[in-house]
Amino acid sequence: MAFYSSELWGQPSIRQWPAFAREVWESAPNDDHVYRPLPPSPQAIERMMETMRWVLWLEEEQRHLVWMRAKDIDWKIIAWRLACHRTTAWRAWQKALATVAANLNGAADIDVPDCLSEVT
């Protein structure tokens, strides 16, 4: 005989919530349905193409580094892929961004220390 049993007090034992119908907006997304994002606007495509032109100013290693950061990959993983320290990878990323900024500002030569020689 249980001391705190609900049957002892004459109440039914309820062990789960009763079944009820959910509203459409409450239901979980269907895993079988493929959700596709809306197509980009022409202005968004033009901005993307302009950004792709900026990447052409970079060397191949710099491109990979910039895109890894754009995909929000952690610095530790980037450093592991480049076989360097995180600070060295960050410096190389800063140099790549400085190269793009200098080209956008119309500067012919920039005075940024070369960090990629340590990376490769």
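Being a predicted model, the structure only gives us computed values, none of them experimental.
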Checklist entry - Rounded to the nearest 0.5 Å, how far does CD1 of I77 lie from NZ of K71? => result 11.5 Å

Item to check | Pairing residues for T51 by the side-chain hydrogen bond (donor to acceptor under 3.5 Å, both in side chains) criterion, not counting sequence neighbours | outcome: none

Checklist entry - Linking Ile, Leu, Val, Met, Phe, Trp and Tyr through side-chain heavy atoms less than 4.5 Å apart, which residues share a cluster with M48? => result I45, M49, M52, V55, W67

Item to check | Atom pair NZ (K95) and CG (L58), whose distance is rounded to the nearest 0.5 Å | outcome: 9.0 Å

Next on the checklist: Under the rule for salt bridge (charged side-chain N to carboxylate O under 4.0 Å, His left out), what residues qualify as partners of E60, not counting sequence neighbours?
Outcome noted: none

Item to check | side-chain hydrogen bond (donor to acceptor under 3.5 Å, both in side chains): pairs with one or both residues in residues 74-83, sequence neighbours excluded | outcome: none

Checklist entry - Shared ILVMFWY cluster between L104 and L97, side chains joined below 4.5 angstrom? => result yes

Item to check | Rounded distance [0.5 Å steps], CD in Q62 versus CG in L65 | outcome: 8.0 Å

Checklist entry - Taking only residues two or more places apart in sequence or in another chain, which ones pass side-chain hydrogen bond (donor to acceptor under 3.5 Å, both in side chains) with H85? => result T87

Next on the checklist: Using every non-hydrogen atom in the two residues, find where A79 and A89 come nearest and quote the distance to one decimal.
Outcome noted: CA-CB, 4.5 Å

Item to check | E50 vs R53, salt bridge (Lys or Arg N to Asp or Glu O under 4.0 Å): CA-CA, chis, key distance, verdict | outcome: CA-CA 5 Å; E50 182 66 26; R53 285 185 210 106; 2.7 Å; yes

Checklist outcome for this item: Distance col, row N103:CG vs W54:CH2, nearest 0.5 angstrom, shows 11.5 Å

Checklist outcome for this item: The reported gap from OG1 in T88 to CD1 in I78 (rounded to nearest 0.5 angstrom) is 13.0 Å

Item to check | Partner set under side-chain hydrogen bond (donor to acceptor under 3.5 Å, both in side chains) for R36, not counting sequence neighbours | outcome: none

Next on the checklist: Is it true that, when you exclude R86 itself, more than 12 heavy atoms of the residues, nucleotides or ligands shown sit nearer than 6.0 Å to its CZ?
Outcome noted: no

